[in-house]
Structures are given as structure tokens and as C-alpha cells.
Amino acid sequence: MARERGGIQQLPTAGTTSTRGRDGIHELLGIETSRATADTLTTLRDGLAHGVGISGPSARRATHAAAQAPAFAGAIRTHHQARDILGNPAPTVCDSPRSLLMCVYNPGRALCHRLDATDSPRRDRCRPSCANIARTDHHAAGLLAHSEALEKHSAPEALRGPLADRLARRAGQLRELADRHEHDRIHRHERTG
């Protein structure tokens with residue numbers, strides 16, 4: 001029942017309702033996080049089975065997590081199923097498409113959390129030198145595509161001066177990361193019978 005105080009209508013405090021509401025959002029976030037983790041692991045497992053290569057400091061941990069992950073992709077509907085995935089001792093693996101890498105999260109090694117360790121990575125703070133990263137062939141292809149676009153924009157007929165130099169340097173860095181992936185990549189050898 002609403003009451004009026006100083007001309008302003010106040011609604012009654014709903015302590016249990018707001019608590020239930022907050023728990024609901026946490027359950028929803030847990031479901032979404034677990035779906036993203038399960039989808040990433042399923043995609044990685046399928047890609048590795050079809051010869052996609054993977055590289056980076058956490059490549060072996062990512063392949064192990066993908067091999068051990070339960071097949072939940074797309075079927076997580078309750079917070080109990082989400083807890084099962086998030087409670088799995090396999091590391092949290094999330095794709096970071098904007099950074100063109102995959103994070104195999106280990107809080108003790110994460111550069112995104114130098115001062116504070118949390119249960120999840122900060123994808124807005126990904127660092128290419130982090131020990132938690134891995135890249136697939138798809139990420140390397142994205143690096144090359146982005147590098148080519150930057151090279152085109154930094155061409156003398158398109159741009160001049162310091163900005164062109166910065167774009168060209170960044171294009172070189174991305175190409176170097178893609179070349180390193182190609183050199184260091186591991187992949188599952190298919191056996192023919």
C-alpha cells in the first residue's frame with residue numbers, strides 16, 4: 001500500500017522481493033556465463049576434431065578443458081545446470097572476439113587482474129602477453145584480416161604522417177602475432193585408415 005509523504009508517493013519497502021530479484025539476476029548471469037563457456041568449449045572441441053590449430057601459453061590447457069567439458073552447448077536452462085558447468089574443475093574458457101584470442105582463465109596468472117583476483121576474466125583488459133591466452137586458426141585469420149585493413153588505411157595514398165606510421169606499426173604487430181601462431185600452433189593429427 002502506497003503512502004504519501006510531503007506530496008511524494010512512497011511505495012512500501014519490499015525486502016524479500018528485492019532480494020529475490022537480485023538473486024534472480026545472479027542466477028541469470030550464471031546461466032549466461034555458463035552457456036558462453038559451454039559454447040566456447042564445444043566450438044573448440046569440434047574445431048580441434050576437424051584439424052583447427054591452437055597456439056599460445058594456454059593452448060594445452062584449452063584443449064584439455066575442451067576434451068573434458070560436458071556436452072551442454074545450448075541446453076543450459078536452469079541455474080542448477082549453470083552451477084554444474086561453472087563448478088567444473090576445468091578452467092573457465094571464454095572467447096574474446098574483439099581481442100582475437102581465447103582466455104583460459106587462471107586468476108593467479110591473469111594480467112587483467114593484477115591487484116584483484118576474481119572468478120572471471122576482464123575481457124576489456126586482455127593483454128597479448130598474458131599467460132592465460134590461446135589462439136585458434138580462426139583468431140589468427142582475424143589478426144591477418146585486421147592487419148591487412150590497417151595496412152590499406154596506412155598506405156601513403158590514404159593517409160600520411162604519424163597516424164599512418166602508428167597504423168603501419170600496429171598492422172606489423174598483428175601480422176607478427178598471426179605468424180607466431182602459425183609457427184607455434186599445435187593440432188590434432190587425423191589418422192587415416
Side-chain angles (χ1 to χ4, degrees), residues 32-33 35-67 69 73-74 90-190 192:
E32 291 304 313
T33 302
R35 277 184 185 160
T37 299
D39 288 344
T40 298
L41 289 172
T42 300
T43 302
L44 179 60
R45 181 177 51 228
D46 292 347
L48 293 172
H50 289 95
V52 170
I54 187 167
S55 70
S58 288
R60 295 206 188 278
R61 285 186 19 224
T63 57
H64 181 72
T92 299
V93 179
C94 58
D95 195 15
S96 188
R98 291 192 67 205
S99 299
L100 295 168
L101 54 84
M102 181 180 302
C103 179
V104 186
Y105 189 64
N106 176 343
R109 304 168 92 192
L111 293 181
C112 61
H113 291 293
R114 289 184 183 182
L115 301 176
D116 59 336
T118 66
D119 292 338
S120 61
R122 290 281 311 262
R123 287 189 249 171
D124 60 328
R125 292 186 185 174
C126 282
R127 302 286 179 255
S129 58
C130 184
N132 286 338
I133 69 164
R135 282 195 174 86
T136 65
D137 292 343
H138 304 295
H139 295 120
L143 288 168
L144 286 175
H146 194 62
S147 173
E148 289 169 3
L150 289 176
E151 287 169 348
K152 184 190 285 187
H153 290 299
S154 69
E157 59 273 0
L159 195 62
R160 295 174 194 254
L163 182 56
D165 294 340
R166 269 186 270 152
L167 290 177
R169 268 195 311 275
R170 182 64 181 149
Q173 292 167 343
L174 295 176
R175 187 169 295 281
E176 186 178 303
L177 288 172
D179 290 345
R180 188 176 318 138
H181 166 79
E182 188 62 34
H183 181 267
D184 296 344
R185 71 191 279 271
I186 54 176
H187 61 284
R188 197 172 137 191
H189 296 285
E190 297 291 313
T192 57

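None of these values were measured; they are calculated from a predicted model.
Scanning both residues, Leu101 and Cys126, for their nearest heavy atoms gives CD1-SG, 4.0 Å. Residues Leu48 and Val52 approach most closely at CD2-O, 3.3 Å, considering heavy atoms.
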Donor-acceptor contacts, no H, no angles, side chain residues 129-137, under 3.5 Å, sequence neighbours left out:
{"from": "Asn132", "atom 1": "ND2", "to": "Asn106", "atom 2": "O", "distance (Å)": "3.1"}
{"from": "Arg135", "atom 1": "NE", "to": "Leu100", "atom 2": "O", "distance (Å)": "2.9"}
{"from": "Thr136", "atom 1": "OG1", "to": "His138", "atom 2": "N", "distance (Å)": "3.3"}
{"from": "Thr136", "atom 1": "OG1", "to": "His139", "atom 2": "N", "distance (Å)": "3.4"}
{"from": "Thr136", "atom 1": "OG1", "to": "His139", "atom 2": "ND1", "distance (Å)": "3.1"}
{"from": "Asp137", "atom 1": "OD1", "to": "His181", "atom 2": "NE2", "distance (Å)": "2.7"}
{"from": "Asp137", "atom 1": "OD1", "to": "Arg185", "atom 2": "NE", "distance (Å)": "2.9"}
{"from": "Asp137", "atom 1": "OD2", "to": "Gly53", "atom 2": "N", "distance (Å)": "2.8"}
{"from": "Asp137", "atom 1": "OD2", "to": "Arg185", "atom 2": "NH2", "distance (Å)": "2.7"}

Show me, pair by pair, the donor-acceptor contacts under 3.5 angstrom made by side chains of residues 150-157, not counting sequence neighbours?
{"from": "Glu151", "atom 1": "OE1", "to": "Arg175", "atom 2": "NH2", "distance (Å)": "3.1"}
{"from": "Glu151", "atom 1": "OE2", "to": "Arg175", "atom 2": "NE", "distance (Å)": "3.2"}
{"from": "Glu151", "atom 1": "OE2", "to": "Arg175", "atom 2": "NH2", "distance (Å)": "3.4"}
{"from": "Ser154", "atom 1": "OG", "to": "Leu150", "atom 2": "O", "distance (Å)": "3.2"}
{"from": "Ser154", "atom 1": "OG", "to": "Glu151", "atom 2": "O", "distance (Å)": "3.1"}

message = What verdict does the side chain to side chain contact (heavy atoms under 4.5 Å, CB included) test give for Arg125 and Leu111, after you've listed the backbone C-alpha separation in whole Å, the side-chain angles of each residue and the deciding distance to 0.1 Å?
response = CA-CA 8 Å; Arg125 292 186 185 174; Leu111 293 181; over 6 Å; no
inquiry  = side chain to side chain contact (heavy atoms under 4.5 Å, CB included), that's the test. Do Cys103 and Ser96 meet it? Break it down for me.
reply    = CA-CA 7 Å; Cys103 179; Ser96 188; 5.8 Å; no
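Between the OG1 atom in Thr43 and the CE atom in Met102 there is a gap of 8.5 Å [rounded to 0.5 Å].
Residues passing the side chain to side chain donor-acceptor pair (under 3.5 Å) test with Thr40, sequence neighbours excluded: none. Applying the salt bridge (Lys or Arg N to Asp or Glu O under 4.0 Å) criterion to Arg160, with sequence neighbours excluded, gives no partner residue. Legend: residues meeting side chain to side chain donor-acceptor pair (under 3.5 Å) with Glu182, ordered by chain and number and at least two apart, are absent. In terms of the salt bridge (Lys or Arg N to Asp or Glu O under 4.0 Å) criterion, Glu148 has no residue partners (sequence neighbours excluded). Applying the side chain to side chain donor-acceptor pair (under 3.5 Å) test to Arg60 and every residue at least two apart in sequence or in another chain returns nothing.
Within the 4.5 Å cutoff, side-chain heavy atoms of Leu44 are placed close to those of Ile54.
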